[in-house]
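Notes follow the structure.
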Amino acid sequence: MDNQRFPWVPGSATGIGSMPGTDPDEAMRVIAGELPDFPYLPELPDRGPGSDLTGRTAALLVDIAAEVTPRGWRLAERPGRDLARARTMLSSDLDVLEEVLDGYRGPLKIQLCGPWTLAATLELTRTMNQALSDPGAVADLTASLAEGTAAHVAELAKRVPGAQLVVQFDEPALPAVAAGEVPTASGMSRLAAIEDEPLRERLAQVLAAAHRYTVVHSCGNRVPFGLIRLAGADAVSFDLSQLRRSEVDGVAEAAEAGMGVFTGAIPAVPGPAPAAAGPGRPGGINTGRINTGGINPADGSDEARETAERVIQLWQRIGLPLDTLPAQAVITPACGLAGATPTQARAALTRCREAASMLAELIEETGGES
């Protein structure tokens, strides 16, 4: 396999998105220290609205405003202080990124909310219904997100000119949107399922707008690997612990098609159960954390080796040559680390890096047999 098709070096690891705490400088320096070959721009939702996935992405929308309500974010008629705060925090985060990664050359990942999760977590202006319930609103949001993505990428390219940008779209709600399982505002019913063709088209629209290597991340089960591949994503990111036997073929098809495989092999740390559209919404969608077990900061190389072996076992299950694994796969946590303590978050990133560095050696020990 031609390693040049991937922007990272073989044996790479990175994070998903969120980190604990409220200090962007501290979070960015931890990431740069633990993941020197594939850092990422973190979200710090502990800072409040505007630092969360939905709020940060809302700050990038073009000609569409949003504001915070007791239930979460909703579309607004005009920009207000909530959006101004979100944009100020994003600008500050980019200043920190530029300073910490001064002179950096290599892959750099950024994260945005994908169009379907954004539509499922933003309310319409005059009702409590999600934008997802209005096809016209979804179309407008997608077009705005595509334009905002292009502008955001251009800004980052100026700030870190040596970086090879990797643009991740977070779509934790995508399986629920496809299955018709997104709850209405009342929680008494569900919004209708969206058919595959519009699902693919809207996702493809924002992926194409990035003009960079793209990843779609979905950290639950029933990840629609085929739809993500057909939408044109360059890589897919998922939680290995949530992968069902019936979904292994989807991973295999993605890998065989040459997609990058971001394997969430490190458990996310338990945190408060979040609601995607904010507090108070029944049956909200998880957009940042999943409860899959903890990270012991004292864990060492044995745990990293175990993690690497799990990723190798996945490759063996999908039947691809093991010598393609270090170049094609990236080891990550299962989901964001906002629910972790700073020590746990650092330990999780360390374990990802150490596990990824062991892949080639462990494969050699097996004789390279799939």
Side-chain angles (χ1 to χ4, degrees), residues 17-18 22 24 41 43-95 110-156 158-159 167 169-173 177 182-186 191 194 198 202-203 205-206 209-210 274-281 284-285 287-288:
S18 65
T22 60
L41 176 66
E43 301 113 29
L44 301 176
D46 287 345
R47 290 187 294 180
S51 294
D52 56 299
L53 178 63
T54 300
R56 169 168 285 187
T57 305
L60 297 172
L61 294 176
V62 176
D63 295 330
I64 291 181
E67 62 188 1
V68 177
T69 76
R71 297 173 302 280
W73 285 90
R74 74 177 175 193
L75 299 174
E77 294 182 350
R78 62 186 61 86
R81 62 182 181 182
D82 296 327
L83 203 56
R85 182 173 185 267
R87 288 171 174 167
T88 297
M89 286 192 291
L90 175 57
S91 178
S92 175
D93 290 353
L94 294 181
D95 290 342
I110 59 174
Q111 304 80 226
L112 299 171
C113 192
W116 292 108
T117 297
L118 190 64
T121 57
L122 277 174
E123 290 182 358
L124 294 170
T125 305
R126 294 183 176 84
T127 74
M128 291 174 57
N129 295 325
Q130 296 98 317
L132 180 63
S133 65
D134 183 341
V138 173
D140 291 345
L141 269 177
T142 303
S144 178
L145 176 58
E147 189 174 350
T149 296
H152 188 45
V153 167
E155 173 71 12
L156 278 154
K158 292 178 183 177
R159 287 176 175 265
V167 183
F169 289 95
D170 286 318
E171 282 285 14
V177 170
V182 177
T184 60
S186 68
L191 296 177
I194 305 297
R202 298 302 180 206
L203 188 55
Q205 187 176 349
V206 297
R281 164 154 292 175
I285 298 163
T287 59

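Shown here are the salt bridge (Lys or Arg N to Asp or Glu O under 4.0 Å) partners of E147, two or more places apart in sequence or in another chain: there are none. T22 pairs by the side-chain contact (heavy atoms from CB on, under 4.5 Å) definition with D46, R47, not counting sequence neighbours. Listed by chain and number, the residues in a salt bridge (Lys or Arg N to Asp or Glu O under 4.0 Å) with D95 are R159 (sequence neighbours excluded).
T57 places no side-chain N or O within donor-acceptor distance of the main-chain N or O of T54, the cut-off being under 3.5 Å. Q111 contributes a side-chain N or O that, together with a main-chain N or O of L41, makes up a donor-acceptor pair within less than 3.5 Å.
Taking both residues in full, the closest heavy atoms of D93 and P24 are given as OD1-CB, 3.3 Å, listed atom of the first, atom of the second, then distance. Residues V153 and A210 approach most closely at CG1-O, 3.9 Å, considering heavy atoms. Of all non-hydrogen atoms in A58 and A66, the two that sit nearest each other are CB-CB, 4.1 Å. Heavy-atom minimum distance, P79 versus L83: CB-CD2, 4.1 Å. Closest non-hydrogen pair, G55 versus D52, comes out as N-OD2, 3.0 Å.
Two residues are said to be in side-chain contact when any heavy atoms from C-beta on lie closer than 4.5 Å; E43 and S51 fail this criterion. Residues L132 and I194 have side chains in contact (heavy-atom distance under 4.5 Å, counting atoms from C-beta outward). Residues T121 and L53 form no side-chain contact, since every pair of their non-hydrogen atoms from C-beta on lies 4.5 Å or further apart.
For residues 77-88, the set of pairs meeting the side chain to side chain donor-acceptor pair (under 3.5 Å) definition, not counting sequence neighbours, comprises E77-R126. Applying the salt bridge (Lys or Arg N to Asp or Glu O under 4.0 Å) test to every pair with at least one member in residues 111-120, sequence neighbours left out, gives no pairs at all.
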Using atom types as modelled, flag every donor-acceptor pair under 3.5 Å from a side chain in residues 137-145 to any protein atom, sequence neighbours excluded.
residue : atom : partner : partner atom : Å
T142    : OG1  : V138    : O            : 2.8
S144    : OG   : V62     : N            : 2.7
S144    : OG   : V62     : O            : 2.8

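For the residue pair E171 / T117, a side-chain donor-acceptor distance below 3.5 Å is found, with atom types taken as modelled.
We find the CG-OG1 distance between L112 and T149 to be 5.0 Å, quoted to the nearest 0.5 Å. Rounding to the nearest 0.5 angstrom, the gap separating the CZ atom in R56 from the OG atom in S18 is 10.5 Å. We find the OG1-CD distance between T184 and Q130 to be 7.0 Å, quoted to the nearest 0.5 Å. Interatomic distance, I110 CD1 to L156 CG, rounded to the nearest 0.5 Å: 5.0 Å. From W73, atom CH2 reaches atom CG of L118 across 11.0 Å, with rounding to the nearest 0.5 Å. A distance of 7.0 Å separates CG of L122 from CG of L61, quoted to the nearest 0.5 Å.
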Could you please spell out the steps behind the side-chain contact (heavy atoms from CB on, under 4.5 Å) verdict for L94 and H152?
CA-CA 10 Å; L94 294 181; H152 188 45; 4.2 Å; yes
